[in-house]
Each structure stands twice: as structure tokens, then as C-alpha cells.
Novice: 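Just dropping this structure here.
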Amino acid sequence: MHSLGQLLGSFWSDLGEIASGGYVLAIAAICSIQYGWHVYRQTQMRRQADRFRLEKEGLEGELKVVEKERMVSRLENHILREFVAETEIDKALGLLLHHFVPSSDQGFAAFLKSPDDADVADAITRSRGLSSSSQGSFRVDRPIRERVLKEGLVAIHGAELRQCDLWRNLSRTDRDKAARLFVASVTHSDGSAFLFVTTALYPAGAALDQQIELAKRLMASVAGNLRRTYEQELQEDQYRIASDVLELRSLADRHFETPTAMLQQLVEKLGEKVHADRAALLLFGQEGTSGPMVVRAGMPLATHTLHAWHSCEETLLDAASRFTDPRELDVDALGAAGVNSHIRSALLLPLLHQGRHIGALCFSRQSESAFVRVERQLADWAAEYLAETIRRVLTAAAVEQQARQDALTELANRRTFDQQLKLAVAKAERT
């Protein structure tokens with residue numbers, strides 16, 4: 001009996017332990033299920049939160065694009081309204097350049113027609129802040145042009161900038177302004193292409209991608225006007241040059257008492273045509289002459305100023321007689337050549353005959369204004385024309401000098417004295 005009680009007690013004890021263990025397992029299973037559901041819910045919530053975040057970022061990105069587009073469009077419309085409002089295209093382009101370069105002392109910008117020949121300087125149609133000497137030798141490297149036509153706009157800085165001819169051909173003053181250069185394509189639908197070179201983009205302080213986008217859009221908008229203006233100016237320049245050439249040829253064909261008088265008139269008229277304050281022609285001497293001859297013309301100056309100007313001209317003519325191509329000098333280049341007063345800009349042209357220097361032309365100004373394209377073209381023609389006919393002129397000048405001077409003393413002879421006396425009497429009767 002006692003043993004049966006113990007057995008029953010042990011049975012119920014074991015059954016309690018089994019039941020207790022089952023509850024624990026059940027509770028553990030329930031907890032596991034609840035944890036799993038919690039983890040699943042948290043994962044779903046995180047995924048949903050990530051989706052919402054991505055959607056938010058996408059919307060913010062789209063909003064930024066819209067805001068960027070709106071800002072670029074607003075700036076573009078503002079500038080184009082100013083551009084269209086100007087009745088003169090020259091002022092309109094000047095206004096556009098001013099937006100990119102507010103201060104010409106701190107930067108420069110230029111529209112230019114780039115030739116196919118890499119050895120030919122670009123034809124600058126409009127510029128701001130660019131010195132005259134830089135304009136005369138401005139040239140965009142062919143690799144840069146090809147990149148610009150492909151990409152629309154190229155930024156050049158650092159070592160790449162200092163290794164390109166575009167930067168090397170700039171004057172010292174312009175180099176100091178050009179820590180970075182931007183070159184943009186101005187391409188019209190008919191295929192005609194111009195380039196826009198600037199040291200800064202508009203608006204200042206805006207993000208670079210916004211500045212680039214605005215620059216591309218503005219260049220596309222003004223391409224048509226720029227092409228039409230350039231073609232019209234080319235036609236006007238051709239007419240003007242043709243007219244000036246005919247006038248100068250007719251002047252050279254007139255009868256003059258002496259070849260020197262013809263050269264004097266020709267140099268004076270050339271100086272007027274290229275809007276120079278003074279002009280000077282140097283002709284090297286040949287056999288039968290006493291040495292080099294200089295013909296001068298231009299505005300009257302005070303005696304002391306005239307002597308100083310002549311000294312500067314002689315320095316420039318001597319330099320030009322060693323060049324093989326035309327040179328335009330600004331203040332910095334003139335200072336480097338030893339000309340530090342009176343003359344502020346100059347155009348120098350060597351006279352070459354069969355590869356040999358026979359003289360030089362110098363056109364000079366008191367102002368720092370650059371010589372424009374048509375003036376340079378007319379000066380180039382004059383240099384070629386004089387080089388072609390200079391031997392005849394020198395021969396006639398030698399004969400004239402022999403007729404006027406005594407071969408032994410190199411003093412004026414009796415015939416020259418009589419001519420000068422006759423002219424002096426005639427002048428006295430008139431005045």
C-alpha cells in the first residue's frame with residue numbers, strides 16, 4: 001500500500017513536470033512567433049520608410065531640377081529681353097559681354113570667328129577687356145576648338161591652360177586676368193560656327209553646372225544674330241577696303257613732281273584710312289642714295305612732343321624691319337620694346353621683297369584703342385602693295401636724290417635751291 005502511494009506520487013510528479021515543460025515550449029513557441037512577426041513588421045516598415053525616403057529624394061531632386069531650370073530660364077529670358085530691346089546689335093552684344101565680365105580690369109570676353117587655318121589669327125568680332133596686342137594674335141588651339149564643337153563648352157585651367165597657344169598669345173596683362181578660361185561654341189543651324197571665350201561665367205556665385213547650362217543656352221540664342229551681323233560687317237568691310245584701295249591706287253598713279261612727294265601723300269592717306277594719329281614709312285637705302293629714308297605724316301604736334309614721337313617711331317620701325325609678319329602692340333608690348341611715352345598702341349608691318357626686308361610701316365596712336373579688322377586688312381594690303389612697287393620708287397628716289405644733291409658734299413645743289421626759293425616765294429605771295 002505504501003509502495004502504491006509512492007508510485008502514484010511519483011507518477012503525478014512526473015506528469016506535472018511534463019505539463020510544465022509543455023507550457024514552457026508552448027510559451028517559447030508563441031514568443032518565437034511573436035518575435036518573428038515583429039521582425040517581419042520592422043523589416044516591412046524599414047522597406048516602406050526607405051521607399052518613402054527614395055521617393056522624397058526623387059521629388060526633391062526633381063524640384064531642384066525644376067528650380068534650376070526655372071532660374072536658368074529666368075536669367076536667360078532677362079538677358080535675351082535686354083538683348084532684343086537694343087536696336088543696335090553692337091550694343092546688344094556689348095551688353096551680353098558685360099554680363100559675363102562686369103569689370104574689364106579683372107577679366108575679358110570675346111566673340112570670334114575661328115578660321116580653318118590654325119596658323120591664322122581668329123577674327124574677333126566683339127570683345128571686352130581684351131588688349132589690342134592680344135586681339136592681333138588671338139588664336140584658339142585646334143584641339144580646343146574640336147572639343148568645344150563636340151561638347152559645347154570647355155573649361156581650361158591649370159597646366160592645360162599654360163600649355164596652350166590661346167594663353168601664350170595673350171599679353172601679360174591679359175594673362176594675369178586668365179586664371180581659368182571658358183570656351184563655348186556658338187553654332188547656328190546652318191552650320192556656321194563662332195566661339196565665345198571668357199574668363200568667367202554668369203551669374204557670379206552660381207553653381208558651375210547652372211552657369212554652363214545658361215552659357216550654352218545663351219550662345220544658341222544669339223548664334224543667328226551673330227552670324228548675320230558678321231556677314232553684314234564682312235560685306236561692308238569688303239566694300240570699304242575696295243573703295244580705299246582704289247583711292248590709294250589712283251593716288252599712286254597721279255603725277256607728282258618727285259617720288260618722295262608721292263610717298264608722302266600715300267603715307268598720309270594711309271594714316272587717315274587706318275585712323276592712326278601718326279604714320280611712318282621706312283625705306284632702306286640702295287646704291288646711289290645716302291641711306292635709309294623715312295617718310296612721316298599725321299597730326300601736328302608740339303616740337304618737343306614731335307621729336308619724342310619720331311624717336312619712338314624709329315625704335316618701332318627698326319623692330320618692324322626684323323619681323324616677318326605684322327604685329328600689333330599694346331601698352332605692355334610697347335613698354336617691352338622701349339617705348340614708354342606718347343604712343344599707346346601701334347601697328348607694325350614689315351615690307352618684304354623676295355624674302356628680303358626693304359623697309360617697314362608704322363601706324364601709331366595716342367589712345368590704347370585696338371586697330372579693327374578692316375584697318376588691319378587695309379594696312380596689310382598697303383604693305384604688300386608698297387613691297388611690290390618699292391623698287392621702282394627707290395630707283396626714282398635715288399635719281400631724284402642724285403639730281404638734288406652734290407655727289408661730293410651731299411649738299412643741295414643750285415637746282416634744288418632754285419626750286420625751294422620758288423616755292424618759298426609762292427607761299428609768301430599766298431600768305
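Fair warning: this is a prediction, and the values are worked out from it, not measured in the lab.
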Novice: Could you list the residues that satisfy salt bridge (Lys or Arg N to Asp or Glu O under 4.0 Å) with E314, not counting sequence neighbours?
Specialist: R296
Novice: In a table with atom names and distances, give each donor-acceptor pair under 3.5 Å that connects a side chain of residues 270-284 to protein atoms at least two apart or in another chain.
Specialist:
{"residue": "K273", "atom": "NZ", "partner": "D244", "partner atom": "OD1", "Å": "3.2"}
{"residue": "K273", "atom": "NZ", "partner": "E247", "partner atom": "OE1", "Å": "2.7"}
{"residue": "H275", "atom": "ND1", "partner": "E375", "partner atom": "OE2", "Å": "2.8"}
{"residue": "D277", "atom": "OD2", "partner": "Q366", "partner atom": "N", "Å": "2.6"}
{"residue": "R278", "atom": "NH1", "partner": "G298", "partner atom": "O", "Å": "3.4"}
{"residue": "R278", "atom": "NH1", "partner": "M299", "partner atom": "O", "Å": "2.9"}

Novice: Identify, with sequence neighbours excluded, every residue that meets ring-ring contact (aromatic ring centres under 6.0 Å, His included) alongside F111.
Specialist: F196
Novice: My understanding is that only residues two or more places apart in sequence, or in another chain, count here; which of them pass side-chain hydrogen bond (donor to acceptor under 3.5 Å, both in side chains) with E384?
Specialist: none
Novice: Between S364 (side chain only) and A346 (backbone N and O only), is there a donor and an acceptor less than 3.5 Å apart?
Specialist: no
Novice: Any Lys/Arg nitrogen of R227 or E231 sitting under 4.0 Å from an Asp/Glu carboxylate oxygen of the other?
Specialist: yes
Novice: Suppose we screen for side chain to side chain contact (heavy atoms under 4.5 Å, CB included). Which residues come up paired with Q264, at least two apart in sequence or across chains?
Specialist: V295, A297
Novice: Just to verify, what does T303 make a side chain to side chain contact (heavy atoms under 4.5 Å, CB included) with, not counting sequence neighbours?
Specialist: H307
Novice: Taking only residues two or more places apart in sequence, or in another chain, which ones meet D141 in a side chain to side chain contact (heavy atoms under 4.5 Å, CB included)?
Specialist: P143, I144, C164, D165, L166
Novice: Are any side-chain N or O atoms of S321 and backbone N or O atoms of A360, one a donor and one an acceptor, separated by less than 3.5 Å?
Specialist: no
Novice: Does R128 reach the main-chain N or O of V101 with its side chain, forming a donor-acceptor pair under 3.5 Å?
Specialist: yes
Novice: If you look only at pairs with a residue in residues 176-187, which of them pass as a salt bridge (Lys or Arg N to Asp or Glu O under 4.0 Å), with sequence neighbours excluded?
Specialist: D174-K177
Novice: Applying salt bridge (Lys or Arg N to Asp or Glu O under 4.0 Å), name anything that partners R327, two or more places apart in sequence or on another chain.
Specialist: D325
Novice: Tell me, please, which residues at least two apart from N340 pass side-chain hydrogen bond (donor to acceptor under 3.5 Å, both in side chains).
Specialist: none
Novice: Restricting to pairs with a member in residues 336-347, which pass salt bridge (Lys or Arg N to Asp or Glu O under 4.0 Å), not counting sequence neighbours?
Specialist: R344-E368
Novice: More than 12 non-hydrogen atoms from neighbouring residues, nucleotides or ligands closer than 6.0 Å to OH on Y239, yes or no?
Specialist: no
Novice: Which residues satisfy the side chain to side chain contact (heavy atoms under 4.5 Å, CB included) test with A200, sequence neighbours excluded?
Specialist: none
Novice: With a cut-off of 6.0 Å (strictly less than), are more than 12 heavy atoms of other residues, nucleotides or ligands near CZ of R162?
Specialist: yes
